[in-house]
Visitor: 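Can you read through this structure? Questions will come right after.
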Amino acid sequence: MPPRLRPLHFTRLPLAESLARATAFAARAARRRTVRDFAPDPVPRTLIETCLAAAGTAPSGANQQPWHFVAIGKDDPALRTRLREAAEAEEREFYAHRAPQAWLEALAPLGTDADKPFLDVAPWLIAVFVEAHGTTADGGVLKHYYATESVGLATGILITALHDAGLATLTHTPSPMGFLNSLLGRPASERPFLLLVVGYPAADAQVPDITRKPVDRITTFLS
Ligand code: IYR
């Protein structure tokens, strides 16, 4: 069957405007910091939903859109407690036993530990899942292509959208994350990708004094 096509309707920007936009965006992006101290202040659901809509525009393998987001507000404090307890149990194992010394040394500049109060405090947690495979019309397994890469792209857009909307995020990766399936009722066909913590930074939030590689160290131009 031939693909169904329609006109793109692309508007080309004047070059000066492209440059101005790119400069402004790079400056805004540079202001994003991973935050670990959150304020309890509420964030309306509609703001989260709008950023999730942006995330859902990510390119994906064969346009399969193999992502699922579970947004957890504060209506169910018992669920928050269960999530925190499960994450901290894994983290305690990680910091005390599982992490090789070299990994702990790599994390030292960030000052992280097994305590995850932000899982209680932040107004929203967004659990991101990879749909490792889909389901065919007759109930069979539908292979997904580049599922992990696709979800990484969507998560990048989500983080950027949340930042651009004036919110702070923490990309949290308790490992292993299987408890997210059971606590959030997601099927075995979905693999937890990460847990995004979202809200406003605490008034006294501090961040590690670290730098980013300049563009000429992360890029090779061949021209
Ligand atoms: N998941 C642990 C450890 C951790 C790992 C990496 I890689 C980080 O960049 C930060 C933390 C934790 O959340 O503390």
Side-chain angles (χ1 to χ4, degrees), residues 29-40 43 48 51 55 67-74 77 79-130 132 147-163 167-184 186 190-202 204-214 217-218:
R31 294 192 61 80
R32 188 196 58 76
R33 290 299 312 258
T34 290
V35 165
R36 290 187 172 79
D37 298 324
F38 284 84
V43 168
I48 301 300
C51 294
W67 38 68
H68 190 83
F69 304 97
V70 180
I72 307 144
K74 277 197 158 165
L79 174 61
R80 285 300 196 96
T81 303
R82 285 199 295 276
L83 284 167
R84 179 178 177 180
E85 281 173 0
E88 287 183 337
E90 296 295 1
E91 296 295 311
R92 277 193 296 275
E93 271 300 300
F94 172 83
Y95 282 95
H97 306 293
R98 274 202 299 262
Q101 192 53 32
W103 195 343
L104 293 177
E105 280 164 24
L107 291 179
L110 306 181
T112 55
D113 59 30
D115 251 13
K116 305 299 177 191
F118 46 75
L119 295 177
D120 272 335
V121 174
W124 290 96
L125 309 176
I126 303 176
V128 183
F129 289 86
V130 181
T148 309
E149 291 84 347
S150 303
V151 176
L153 293 167
T155 303
I157 294 177
L158 177 58
I159 291 170
T160 308
L162 291 163
H163 167 67
L167 295 169
T169 59
L170 164 63
T171 31
H172 180 42
T173 51
S175 166
M177 282 187 272
F179 66 87
L180 290 175
N181 286 74
S182 39
L183 289 181
L184 303 177
R186 300 312 302 169
E190 293 182 9
R191 182 165 47 79
F193 186 66
L194 54 78
L195 188 57
L196 205 60
V197 184
V198 183
Y200 294 104
D204 59 351
Q206 293 196 307
V207 291
D209 187 12
I210 50 180
T211 56
R212 292 190 167 105
K213 296 176 185 175
R217 276 189 58 211
I218 60 169

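Atom set for the values below is all heavy atoms of this structure, side chains included, hydrogens, waters and symmetry mates excluded. We count ligands from 1, going down the list as the structure has it; atoms in each ligand are counted the same way. Note that this is a predicted model, so its numbers are computed, not measured.
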Visitor: As an exercise, state the distance from CG of Leu180 to CD1 of Ile72, rounded to the nearest 0.5 Å.
Guide: 7.0 Å
Visitor: Side chains of Thr169 and Arg32 only: does a donor on one sit below 3.5 Å from an acceptor on the other?
Guide: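 Distance-only check fails for Thr169 and Arg32.
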Visitor: To which protein heavy atom is atom 12 (C) of ligand 1 closest, and what is the distance rounded to 0.1 Å?
Guide: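 Protein heavy atom with the smallest distance to atom 12 (C) of ligand 1: Glu91 OE1, 2.8 Å.
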Visitor: Could you tell me whether a side-chain N or O of Arg98 sits under 3.5 Å from a main-chain N or O of Ser175, the two making a donor and an acceptor?
Guide: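 Looks like yes, one N/O pair under 3.5 Å.
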Visitor: Among all protein heavy atoms in this structure, tell me which lies nearest to atom 3 (C) of ligand 1, with the distance rounded to 0.1 Å.
Guide: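 Looking only at protein heavy atoms, the one closest to atom 3 (C) of ligand 1 is Tyr95 OH, 3.4 Å.
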Visitor: Quick one: does Thr173 get an N or O within less than 3.5 Å of an N or O on ligand 1?
Guide: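 Yes, since at least one N or O of Thr173 sits under 3.5 Å from an N or O of ligand 1.
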Visitor: Is the Phe193-Trp67 ring centre distance short of 6.0 angstrom?
Guide: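 No, they do not, as the ring centres are separated by 6.0 Å or more.
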Visitor: Work out which heavy atom in Ala87 is nearest to a heavy atom in His172; give both atom names and the distance.
Guide: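 For Ala87 versus His172, the nearest heavy atoms are CB-NE2, 4.3 Å.
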Visitor: Is there a polar contact, in the sense of an N or O pair closer than 3.5 Å, between Ser175 and ligand 1?
Guide: no
Visitor: Run the numbers for me: atoms of ligand 1, each under 4.0 Å from some heavy atom of Leu107, listed by number.
Guide: 3 (C), 4 (C), 5 (C), 6 (C), 8 (C), 9 (O), 10 (C), 11 (C)
Visitor: Evaluate Phe94 against Leu107 for side-chain contact (heavy atoms from CB on, under 4.5 Å), listing each step before the verdict.
Guide: CA-CA 12 Å; Phe94 172 83; Leu107 291 179; 3.8 Å; yes
Visitor: May I ask you to identify the nearest protein heavy atom to atom 7 (I) of ligand 1, giving residue, atom name and distance to one decimal place in Å?
Guide: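 Going by distance alone, atom 7 (I) of ligand 1 is nearest to Trp103 NE1, 3.7 Å.
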Visitor: Below 4.0 Å from ligand 1: does a non-hydrogen atom of Lys116 turn up there or not?
Guide: yes
Visitor: Which atoms of ligand 1 are found less than 4.0 Å from any heavy atom of His172?
Guide: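 Under 4.0 Å from His172, ligand 1 has these atoms: 13 (O).
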